[in-house]
Amino acid sequence: AAPPAAPAAKPGAAVVTAGNIPAFCRGEVAGQYGTKPIYVKTEAAARAKDGSTSIPGTVDKGNEGMKRFQCRFDAKGHFIDVMALTRDGE
């Protein structure tokens with residue numbers, strides 16, 4: 001079976017250059033989780049066969065603990081979304 005297709009970027013999404021992807025990801029994660037980018041740690045970006053990029057990482061939510069996430073970008077560098085990898089309550 002073929003892997004599921006990556007979701008599409010939102011229409012009009014800005015193109016993020018490869019060098020700016022980690023910082024852009026930290027900013028998006030900080031906004032989504034209501035914290036500051038300094039509490040967001042990203043790991044190495046991974047490029048898929050279709051050219052899309054994903055960046056895993058963690059955000060320190062203080063009393064709520066560490067939360068894992070993944071930022072996703074399409075093959076052209078458009079930001080797609082931040083996918084939570086840790087369910088609330090874990």
Side-chain angles (χ1 to χ4, degrees):
K10 295 174 182 71
V15 173
V16 182
T17 60
N20 288 333
I21 282 178
F24 187 91
C25 177
R26 286 190 296 273
E28 289 294 318
V29 170
Q32 182 170 317
Y33 285 89
T35 189
K36 296 179 181 175
I38 193 169
Y39 297 116
V40 180
K41 303 290 183 217
T42 54
E43 298 170 18
R47 187 171 290 267
K49 287 182 181 179
D50 66 2
S52 63
T53 300
S54 61
I55 301 182
T58 56
V59 57
D60 185 345
K61 290 286 291 164
N63 292 340
E64 295 177 41
M66 300 295 279
K67 306 286 185 184
R68 294 198 54 74
F69 64 84
Q70 186 173 51
C71 289
R72 299 188 297 175
F73 297 82
D74 70 12
K76 294 180 180 173
H78 296 104
F79 173 70
I80 297 170
D81 62 9
V82 174
M83 187 171 67
L85 300 178
T86 304
R87 291 189 302 268
D88 285 336
E90 285 188 17

Taking side chain to side chain donor-acceptor pair (under 3.5 Å) as the definition, give me every residue that meets it alongside T35, ordered by chain and number, with sequence neighbours left out. none

Can you list the residues that meet the side chain to side chain donor-acceptor pair (under 3.5 Å) rule with N20, with sequence neighbours excluded? T17

For A48, which residues count as a side chain to side chain contact (heavy atoms under 4.5 Å, CB included) partner, sequence neighbours excluded? D50, S52

Can you name the nearest heavy-atom pair linking F79 to F73, along with the distance? CA-CD2, 3.5 Å

If you group Ile, Leu, Val, Met, Phe, Trp and Tyr whenever their side-chain heavy atoms sit less than 4.5 Å apart, what else falls in with I38? Y39

How many angstroms lie between atom CD of Q70 and atom CG of D81, to the nearest 0.5 angstrom? 9.0 Å

I need the single residue from L85, V29, T86 that forms a side chain to side chain contact (heavy atoms under 4.5 Å, CB included) with K67. Which is it? T86

R68: which residues meet the salt bridge (Lys or Arg N to Asp or Glu O under 4.0 Å) condition with it, sequence neighbours left out? E43

Does the side chain of F69 come within less than 4.5 Å of C25's, by heavy atoms? yes

Closest heavy-atom pair and its distance - K76, V15: O-CG1, 3.3 Å

Can you measure from OG1 (T53) to CD1 (I21) and round to the nearest 0.5 angstrom? 4.5 Å

List in chain and number order the residues that pass side chain to side chain contact (heavy atoms under 4.5 Å, CB included) with K41, two or more places apart in sequence or in another chain; answer none if no residue qualifies. T58

Which pair of non-hydrogen atoms, one from A30 and one from P37, has the smallest distance, and what is that distance? CB-N, 3.6 Å

What's the verdict on side-chain contact (heavy atoms from CB on, under 4.5 Å) for V40 and Y33, showing C-alpha distance, side-chain angles and the deciding distance? CA-CA 10 Å; V40 180; Y33 285 89; over 6 Å; no

If you compare all heavy atoms of P56 against all heavy atoms of S54, which two are closest, and at what distance to 0.1 Å? CD-O, 4.0 Å

